[in-house]
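Structure record follows, encoded as C-alpha cells.
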Amino acid sequence: MAVRVQSMELNRSPTLLSGGRGKTCPFIVQVKRSGGLEKANTRSQASEKLKKREPLTRGIVSAPLPVPGHIPRPPYVGSNKMPEISSERQMQDKESIVHMKAACELAARVLENAGKLVKPSVTTDEIDKAVHKMIIDAGAYPSPLGYGGFPKSVCTSVNECMCHGIPDSRELKDGDIINIDVTVYLNGFHGDTSKTFFCGEVDEATKRLVKVTEECMLRGISACKHGVSFKKIGRRISEHAERHGFGVVEQFVGHGVGRVFHSQPIIYHQRNNMPGQMVEGQTFTIEPILTMGRSSIECDMWEDGWTAVTTDGSLAAQFEHTILITRTGAEILTKC
C-alpha cells in the first residue's frame with residue numbers, strides 16, 4: 001500500500017503531512033523534485049495497437065468483512081483517522097527478521113492465489129472476499145482493513161487506476177489488467193507486496209508495460225545494499241522506464257515497513273536528490289507505478305478519497321516487494 005507525494009520546489013525540505021479524506025489522497029508527503037537526463041524512447045506508444053477499453057467506473061462497495069476476535073489487530077484499527085507516517089526507521093534483528101519473513105511469505109502466497117482468481121466476469125469484491133478468508137485462516141489480519149477508514153481487506157487497481165482501488169461489484173473484463181496489493185499483519189509485523197495480473201487476452205503494448213514495470217522494480221532492488229544512497233533506486237527505475245518510453249509516477253512512493261505499516265524511509269521511484277543511505281537490517285518496500293506514456297503520470301482522485309486514476313485515462317501497472325537490506329545486497333522477503 002503506497003504513500004502519496006506532492007511535488008514542491010527544489011530548495012525546500014520534504015515535510016510529512018497527515019492524510020485527508022474527500023477528494024484528497026491518503027499518505028500525503030511533500031517531496032522536492034530534481035531534474036534528470038531525458039532519455040525517453042521517442043517511439044510513439046500510440047502507434048501500437050491497444051485494445052479498446054471503456055473508462056473505469058465505480059461499482060457497489062459491500063460492507064467490510066468481519067475478523068475473528070482472537071486475531072490480533074494493528075493499533076490503528078477502530079479509528080478512521082489516518083495514521084501519521086512514522087519517523088522510525090525500522091531495523092530488524094535476528095528475532096524480528098524471522099517474524100518479518102513469516103508475514104512476507106504469507107502475503108506472497110495470498111497474492112499468488114489471488115492472482116489465480118483473475119478472469120473475465122469475476123468481481124474485485126469476490127477477490128477481496130477470497131483474500132480476506134486466506135489471511136484470517138492463517139491467523140493474520142488484513143492490514144488495509146480499517147487503515148484510515150479503508151473499507152476492504154485488499155487493494156484492487158484496474159486499468160487506469162494507479163493504486164488504492166477499492167474492491168467493488170465491477171466485473172473484470174477481457175483485456176483488463178489488475179494490480180492486487182496484499183498486506184498482512186502477522187505476529188505484530190506487516191508484510192506488503194503487489195503484482196499486476198492479466199485478465200484474459202491482453203494486447204502486446206499492455207503486456208510490455210507490465211513487463212517493464214516488473215523489471216523496473218527488480219532493477220531498483222538490485223541497486224540496494226548497506227551504504228548505498230536511496231536515490232540510486234529512483235535513478236535505476238527511471239533509466240529503464242524512459243528507455244522504453246514509459247512514465248514513472250512520482251506521487252506514490254515506497255516506505256519502511258515492519259511493526260509499523262508505513263514509516264521512514266520514503267522510497268522515491270523517480271530521479272531525486274534526497275539524502276540518506278541504506279543500513280543493514282532495514283526493511284522497506286519498492287513499488288514503482290509506470291504509465292503508458294510519459295505525459296500520463298498525473299492522477300485524479302475519486303470521491304472515495306482513495307482511488308487514484310491517471311488523469312488522461314492511460315493504463316498504469318505496479319509491482320511491489322518488501323526487502324531486507326544486507327551487508328552485500330537486498331533480500332526479497334515477499335517470495336512464496
Side-chain angles (χ1 to χ4, degrees), residues 1-2 26 56-74 76-80 102-187 190-200 261 287 302-309 318-320 322 334 336:
M1 208 173 189
L56 189 65
T57 56
R58 184 186 299 108
I60 298 171
V61 178
S62 61
L65 296 169
V67 177
H70 69 274
I71 293 178
R73 272 78 164 152
Y76 52 78
V77 173
S79 170
N80 286 334
C104 288
E105 288 168 3
L106 173 60
R109 289 198 305 273
V110 171
L111 178 61
E112 288 305 306
N113 285 324
K116 295 174 183 177
L117 302 174
V118 174
K119 61 182 179 181
S121 80
V122 169
T123 68
T124 51
D125 192 57
E126 289 173 317
I127 293 174
D128 177 75
K129 288 177 180 176
V131 166
H132 183 88
K133 186 176 188 305
M134 285 186 275
I135 293 173
I136 64 172
D137 283 353
Y141 185 91
S143 302
L145 184 61
Y147 187 91
F150 192 81
K152 290 294 184 176
S153 299
V154 67
C155 298
T156 51
S157 303
V158 179
N159 293 342
E160 67 265 36
C161 182
M162 291 180 174
C163 60
H164 302 159
I166 299 175
D168 60 23
S169 62
R170 179 192 181 275
E171 293 184 353
L172 294 175
K173 301 175 182 179
D174 185 64
D176 282 350
I177 57 174
I178 175 173
N179 176 271
I180 302 176
D181 190 337
V182 173
T183 313
V184 307
Y185 182 69
L186 179 67
N187 296 324
H190 297 273
D192 192 0
T193 185
S194 83
K195 181 177 181 178
T196 298
F197 297 92
F198 301 135
C199 181
F261 195 171
E287 45 186 306
W302 282 7
E303 291 182 358
D304 59 32
W306 291 96
T307 308
V309 297
Q318 182 182 31
F319 284 80
E320 174 186 15
T322 296
T334 40
C336 294

So how far is it from Asn159 CG to Ile177 CD1, rounded to the nearest 0.5 Å?
-> 6.0 Å

I would like to know whether Trp302 and Ile166 meet side-chain contact (heavy atoms from CB on, under 4.5 Å); could you show each step before the answer?
-> CA-CA 11 Å; Trp302 282 7; Ile166 299 175; over 6 Å; no

Hey, could you give me each pair passing salt bridge (charged side-chain N to carboxylate O under 4.0 Å, His left out) that has a residue in residues 102-121? Not counting sequence neighbours.
-> Glu112-Lys195

Do Val158 and Lys173 pass the side-chain contact (heavy atoms from CB on, under 4.5 Å) test, and can you show the C-alpha distance, the side-chain angles, and the key distance before you say yes or no?
-> CA-CA 10 Å; Val158 179; Lys173 301 175 182 179; over 6 Å; no

Of the non-hydrogen atoms in His164 and Ser157, which two are nearest, and what is the gap between them?
-> N-OG, 3.3 Å

Residue pair Ile60, Arg58: steps toward the side-chain contact (heavy atoms from CB on, under 4.5 Å) verdict = CA-CA 7 Å; Ile60 298 171; Arg58 184 186 299 108; over 6 Å; no

Atom of Pro120, atom of Gly200 and distance for their closest heavy-atom approach = CD-N, 4.2 Å

Closest non-hydrogen contact found for Cys155 with Phe150 is SG-CZ, 3.7 Å

For the ring pair (Phe, Tyr, Trp, His ring centres under 6.0 Å) test, which of Tyr141, Tyr147, Tyr185 pairs with Tyr76?
-> Tyr147

Nearest heavy-atom approach of Pro68 to Ile136 is CD-CD1, 4.0 Å

Rounding to 0.5 Å, atoms SG (Cys336) and CG (Asn113) come to a distance of 7.5 Å

Considering only heavy atoms from C-beta outward, does the side chain of Glu126 approach that of Leu117 to under 4.5 Å?
-> no

What pair of heavy atoms forms the shortest contact from Arg73 to Val67, and how long is it?
-> NH2-O, 2.7 Å

Identify, with sequence neighbours excluded, every residue that meets side-chain hydrogen bond (donor to acceptor under 3.5 Å, both in side chains) alongside Ser143.
-> His190

Identify the residue among Thr334, Asp192, Val154 that makes a side chain to side chain contact (heavy atoms under 4.5 Å, CB included) with Val182.
-> Val154

Enter the distance from Asp176:CG to Thr196:OG1 here, rounded to the nearest 0.5 Å.
-> 12.0 Å

Please examine the side chains of Arg170 and Leu56, heavy atoms only from C-beta on, and report whether any two atoms are closer than 4.5 Å.
-> yes

Take Asp125 and Ser169 through the side-chain contact (heavy atoms from CB on, under 4.5 Å) test and state the conclusion after the steps.
-> CA-CA 6 Å; Asp125 192 57; Ser169 62; 5.7 Å; no

About how many Å separate OG1 of Thr322 and CD of Glu287, when rounded to the nearest 0.5 Å?
-> 8.0 Å

Side-chain donor-acceptor contact under 3.5 Å, Ser194 with Asp181 = no

Drop me the distance from Ile127's CD1 to Ile180's CD1, to the nearest 0.5 angstrom.
-> 4.5 Å

How far does CZ of Phe197 sit from CG of Asn179, to the nearest 0.5 angstrom?
-> 8.0 Å

Closest heavy-atom pair and its distance - Glu320, Thr193 | O-OG1, 2.9 Å

